[in-house]
Number of protein chains: 2
Amino acid sequence: MENEILKYLSKYIPITQELEEELNKIEFIKLFPKGTILLEEGKISNECYFIIKGCIRSFYNKDGEEKTTEFYTEEQAVIPSAYGKKIPSEYYIECIEDTITGVGTPELETEVYRKFPQVESLNRALGEVIMAKYQDTFAEFKMASPEERYLALLKNRPDLIQRAPQHQIASYLGIKPESLSRIRKRIVK
Amino acid sequence: MENEILKYLSKYIPITQELEEELNKIEFIKLFPKGTILLEEGKISNECYFIIKGCIRSFYNKDGEEKTTEFYTEEQAVIPSAYGKKIPSEYYIECIEDTITGVGTPELETEVYRKFPQVESLNRALGEVIMAKYQDTFAEFKMASPEERYLALLKNRPDLIQRAPQHQIASYLGIKPESLSRIRKRIVK
DNA sequence: TGCATTTCTTAACTTAAGTCAACGAATTGG
DNA sequence: CCAATTCGTTGACTTAAGTTAAGAAATGCA
C-alpha cells in the first residue's frame with residue numbers, strides 16, 4: 001500500500017527515479033473512517049481523491065431526501081464538480097466504507113504539472129478515456145428501463161450491490177427504494 | 001468565420017503569432033450539409049469536431065429504433081467515444097443542420113501538443129470543466145421526472161426544441177414521442 | 001445483549017409512462 | 001405541385017413506477 005498511485009501511474013507512463021521521489025514527497029495518503037463527509041453542500045471544494053481502497057458516494061439533498069448520484073470505488077478518481085473553482089458545491093461527498101485515498105489539491109497539481117509535464121499529458125489522455133466511458137454510461141441509462149438499469153448494474157458493478165445500502169442504489173438508478181424492492185422480487189422469479 | 005477556433009482559444013490562452021500561423025496551416029474547416037452521417041455504427045472513428053455553426057446529434061440504433069442520446073451545438077466539441085481508439089463505434093453521428101466544424105484527428109492533436117504544449121494544458125483544463133458540467137447534467141437527469149427534464153431543457157437549451165424534431169428530443173429525454181406529446185399538452189394548461 | 005433506529009418489504013391505491021392503432025399535419029423528393 | 005413518407009397528436013388500454021402507510025428485518029450503539 002506504500003504508493004498505490006505510483007503503481008497506477010506506472011501502467012501508463014515510465015516512472016523515473018526522480019518522479020518517484022517527487023511523488024513520494026508530496027503525495028498525501030489519508031484514511032477516512034466510514035461515514036466521513038469529505039464535502040458538504042454549500043462549501044468550497046479544494047480537494048480531489050484517488051481511491052486506493054474503499055467506497056465513496058456523492059449525493060444531493062433534495063427537499064430533505066438524499067439522492068445518491070454516483071459511487072466511486074478502487075482506482076477511481078473523485079473530482080467534485082466544484083473542485084478548484086471558487087463556487088459552493090451543490091452536493092455532498094461521503095465515505096460509505098473506511099476509505100484510503102490519495103488526496104490532491106489544485107496547488108499540488110500545478111506543481112506536479114510544472115515539474116513533470118508528462119503527468120499533465122497523461123491526465124489529459126486519461127480524462128478523455130474517462131469522459132468517453134461516462135458518456136456511454138449516460139447513454140445506456142437514457143435508453144434503459146429501471147429494471148434494465150438494475151440488471152446492467154448487477155452485471156457491470158456487482159460489488160456495489162453488496163457494498164451500498166439498497167435505498168442508495170435506488171436513487172443511483174433514478175428510482176424509489178420501493179420500486180427497486182419490487183424489481184428485485186420480479187427478477188428472482 | 002475565418003478562424004473561429006482561434007477566437008475560441010484566445011478566450012483561454014494568449015495566441016502568439018506563431019501559434020496562429022501554425023493553426024491556420026493545419027486547421028481543417030469543413031461544411032457538412034444537413035443529413036451528413038459523420039460516423040456510422042461499427043466503423044472506426046478518427047475524427048473529432050468543433051462546431052462553429054450548426055447542430056449535430058449522436059444516436060444508437062436499438063432494434064431498428066433510433067435513440068438520440070446527445071445534441072451538440074455552437075462552440076461544443078463532438079468527440080466520439082471510439083475516437084482515436086481502434087474499436088468500432090457503437091453509435092451514429094449525424095448533422096441535423098448544415099454544419100460548419102473544425103475537424104481534428106489524433107495525428108493533428110499529437111503534432112499540436114508537441115509544438116504547443118500549452119494547448120494540451122488548456123485541453124486538460126477545459127476537459128475537466130466539461131466533465132464537471134456533464135456529471136451535473138447526468139445527476140439532474142437521474143433526479144428529475146420526464147416532465148421535469150423537459151422543463152429543464154426548455155430553460156437550459158431552448159434553441160434545441162426549435163432545431164431538433166420532437167421524436168429526437170423525446171429519446172434525448174429518455175421517453176417515447178407519445179409521452180413527450182402528452183407532457184407538452186399537460187404543460188400548456 | 002437489548003433497545004432504538006434505519007432499512008427493506010409488502011400492500012393498496014394513484015399516476016404517468018409504454019403500447020398499439022388511427023389519423024391529420026408537415027415535410028420531402030421527384 | 002403532388003404523392004409519399006415522416007412526424008406529431010389523440011384515444012383506449014396495459015404496465016410499472018410513485019405514494020402512503022405499516023410492519024418486519026437488519027443494524028448500530030449503549
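Chain naming here is simple, since letters A, B, ... match the order of the sequence lines and numbering starts at 1 in each. Values in this document were obtained by computation on a predicted structure and should not be read as measured data.
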Just checking, is any N or O donor in the side chain of [X] or [Y] under 3.5 Å from an acceptor N or O on the other one?
| X | Y | value |
| --- | --- | --- |
| A/Arg57 | A/Tyr92 | no |
| B/Glu40 | B/Ser89 | no |
| B/Glu111 | B/Tyr113 | no |
| B/Glu120 | A/Ser121 | yes |

Between the OG atom in A/Ser181 and the CD atom in A/Gln166, the distance rounded to the nearest 0.5 Å is 6.0 Å
cation_pi(A/Lys30, A/Phe28) dist<6.0 Å, angle<=45: no
Ignoring hydrogens and angles, write down the donor-acceptor pairs under 3.5 Å from the side chains of residues 125-137 of chain A, residues two or more places apart or on other chains.
from, atom 1, to, atom 2, distance (Å)
A/Glu128, OE1, A/Arg124, NH1, 3.3
A/Glu128, OE2, A/Arg124, NH1, 3.3
A/Tyr134, OH, A/Glu70, OE1, 3.1
A/Asp136, OD1, B/Ser81, OG, 2.5
A/Thr137, OG1, A/Lys133, O, 2.9

Student check: side-chain heavy atoms of A/Glu41 and A/Glu90 closer than 4.5 Å: no
Does any part of the side chain of B/Glu147, heavy atoms only, come nearer than 4.5 Å to the side chain of B/Ile187, both counted from C-beta? yes
Has B/Glu66 got a side-chain atom pairing as donor or acceptor with B/Phe59's backbone, closer than 3.5 angstrom? no
Give me the bend of the helix from C/dT1-D/dA30 to C/dG30-D/dC1, using the axes of the five pairs at each end, rounded to 10°. 70°
One character per nucleotide, please: for nucleotides 6-24 of chain C, 5' to 3', B when the base has a protein heavy atom closer than 4.0 Å, S when only the sugar-phosphate does, - otherwise. -SSBBSB----SBBB----
Which residues within residues 55-69 of chain B lie with some heavy atom under 4.0 Å of an atom in DNA chain D? none
Per the ring-ring contact (aromatic ring centres under 6.0 Å, His included) rule, what does the pair list look like for residues 162-186 of chain B, sequence neighbours excluded? B/Phe71-B/Tyr172
Do the ring planes of A/Phe138 and B/Phe138 sit parallel (below 30°), tilted (30 to 60°) or perpendicular (above 60°)? parallel
Please state how far atom CG in A/Leu173 lies from atom C1' in D/dG18, giving the value in whole angstrom units. 16 Å
Please list each protein N or O that sits under 3.5 Å from an N or O in nucleotides 24-30 of chain D, with the distance.
none

